[in-house]
2 protein chains.
Amino acid sequence: MTRFNPTRPALSRERILSEALALIESDGLDAFSTRRLAQRLGCEAMSLYHHHPSKAHLLDSLVDQVLGAMPLPDPSQRPADRLRQLAATWRHMARRHPRFYLWLALHRWNSATGVRFLGAVLGCFADAGLSREQSARAFRVVGYYLLGATLDETGGYAQGPSSLNPIPLDVLQREHPLVAQAGEFFVPEQFDRTFELGFEVLLRGLGLDSGTSPD
Amino acid sequence: MTRFNPTRPALSRERILSEALALIESDGLDAFSTRRLAQRLGCEAMSLYHHHPSKAHLLDSLVDQVLGAMPLPDPSQRPADRLRQLAATWRHMARRHPRFYLWLALHRWNSATGVRFLGAVLGCFADAGLSREQSARAFRVVGYYLLGATLDETGGYAQGPSSLNPIPLDVLQREHPLVAQAGEFFVPEQFDRTFELGFEVLLRGLGLDSGTSPD
DNA sequence: ACCTGAACACCGTTCAAGT
DNA sequence: ACCTGAACACCGTTCAAGT
């Protein structure tokens, strides 16, 4: 009956990917299924398999596409500034695709596009004069921080329905005043300042501060 | 037929939780289902619902149980040492339950047990003389770092089948020598040293160093 | 109170078949 | 080459029924 739908644009790898990303951002990662994607595309679920061999491959392609869209910093800039820019680009990407970011951040991206980005980050440490070992460790340390920060900022994980025994606000204020009072600084408006605080501490402590040369 | 199985221990909240954790660690989070858990317990899937109202509640109870088993540091110790101990306890817990940790780390734990732990961490900053705002931001910064580090260390996310276009090792070495060379420091044997490097940088930079008092 | 079995509305994917 | 439909082996959960 609907075996040919003239109003529907032809299926293609690209169209499937962009609709997939839109569906994930609108309905969430958990609700993303090949069947729902097909419905949105106006085709059968199985038609997708002609363009992507599996759901996992589809998501991997999406990772590649999103990573590939990130601009790399100008190599003529100083290493610390390049790192600041890389962090800003990364956080911007995470904020743009908050729900998909959970998948992207928690899966290995060993594609050419992913490695290109890793190389740009590692290059900053090398150019700042760190040894191979220092560079590798600093890369990891900064990566840990950036990963944790973006996961919190996108909030993908904390959105879920609050759990079985959510502590009532008045109890929280009475028994854990420190926790209650800290909440004021955990809102999105504070993300940038908090992120910068830790990021600058790390750059300085790792010998990347561009202002005062470490000796 | 199997409506009564005398060899099977009685079902209970505790037994369900401990088998659930064992199943998650042996087969992974994705493979964890109420049906498979029931099979392991020797009952019907629906029997679980008499003890936990849903799969999400069951997992939340598990979070609570694991968090509750973590020892809090002696308040008489110096704040920086308490933070070191809290980080060690946290990383130990993550390593003990690497697959469940992915769920624990990425879901809100606003139960009394979770808040108790948050309070212990925040107390370190307050006791070190930081202001409310400084404490809140330092808490967030250290938490970002710890979250990113443990997610990497448990490797829960990186275990998946390598993606669609894994870059071949020889290409990696030729085109991205920095990335290839850094790999040597990304192995489990290096986790402790790398973690400490960044953690100590943060403690010092945030004014928590117990050796030299920040002024 | 505790457990069961059938049923409902979903999944990802295989496979043979259509054009 | 591109798409379909039925089918398979799964999900979490509801509901009425058993003891």
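- Looking only at distances, no side-chain donor or acceptor of A:Tyr101 sits under 3.5 Å from a matching main-chain atom of A:Gly155.
- Spacing between atom CG of A:Leu48 and atom C1' of D:dT4 amounts to 12 Å, rounded to whole angstrom units.
- Judged by distance alone, the side chains of A:Ser54 and A:His57 do bring a donor and an acceptor atom under 3.5 Å apart.
- Residue A:Leu41 contributes atom CG, which lies 16 Å from atom P of D:dC2 at whole-angstrom precision.
- Straight-line distance from the NZ atom of B:Lys55 to the P atom of D:dT13: 8 Å, rounded to whole Å.
- Base-pairing analysis of DNA chain D finds the following stems of at least three consecutive Watson-Crick or G-U pairs, with both pairing distances under 3.5 Å: C:4-8 with D:12-16, C:12-16 with D:4-8.
- The pair B:Arg137-A:Glu196 does not count as a salt bridge, with every side-chain nitrogen at least 4.0 angstrom from each carboxylate oxygen.
- Rounded to an integer number of Å, the gap from A:Asp30 CG to C:dG12 P is 12 Å.
- At least one side-chain nitrogen or oxygen of A:Tyr49 sits closer than 4.0 Å to the OP1 or OP2 atom of C:dT13.
- Side-chain proximity of B:Glu44 to the nucleotides C:dT13, D:dT13, C:dG5 is greatest for C:dG5.
- Between the NE2 atom of A:His52 and the P atom of C:dT13 there is a distance of 13 Å, rounded to whole Å.
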Tabulate protein N/O versus nucleotide N/O from nucleotides 7-10 of chain D, keeping only pairs under 3.5 Å, one per line.
none

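- A salt bridge does not link A:Glu25 to A:Arg99: none of the charged nitrogens lies less than 4.0 Å from a carboxylate oxygen.
- Checked against the 6.0 Å centroid criterion, the rings of B:Phe139 and A:Phe186 qualify as a close aromatic pair.
- For the pair A:Ile16 CD1 and D:dC3 C1', the interatomic distance rounds to 11 Å; values are reported in whole Å.
- A salt bridge does not link A:Arg82 with A:Asp74: every distance from a Lys NZ or Arg NE/NH1/NH2 to an Asp or Glu carboxylate oxygen is 4.0 Å or more.
- In this structure, A:Leu29 atom CG and C:dC11 atom C1' are separated by 15 Å, rounded to whole Å.
- Remark: B:Arg91 engages B:Asp192 in a salt bridge, criterion side-chain N to carboxylate O under 4.0 Å.
- Per the geometry, NE2 belonging to A:His51 stands 13 Å off P belonging to D:dA1, to the nearest Å.
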Task: side chain to side chain contact (heavy atoms under 4.5 Å, CB included) assessment of B:Thr194 paired with B:Phe185 - done: CA-CA 8 Å; B:Thr194 299; B:Phe185 300 101; 5.6 Å; no

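- By the 4.0 Å N-to-carboxylate-O rule, B:Arg35 lies too far from B:Glu44 to be salt-bridged with it.
- For the OP1/OP2 pair of C:dC2 and a distance below 4.0 Å, the side-chain nitrogens and oxygens of B:Ser47 include no atom meeting the criterion.
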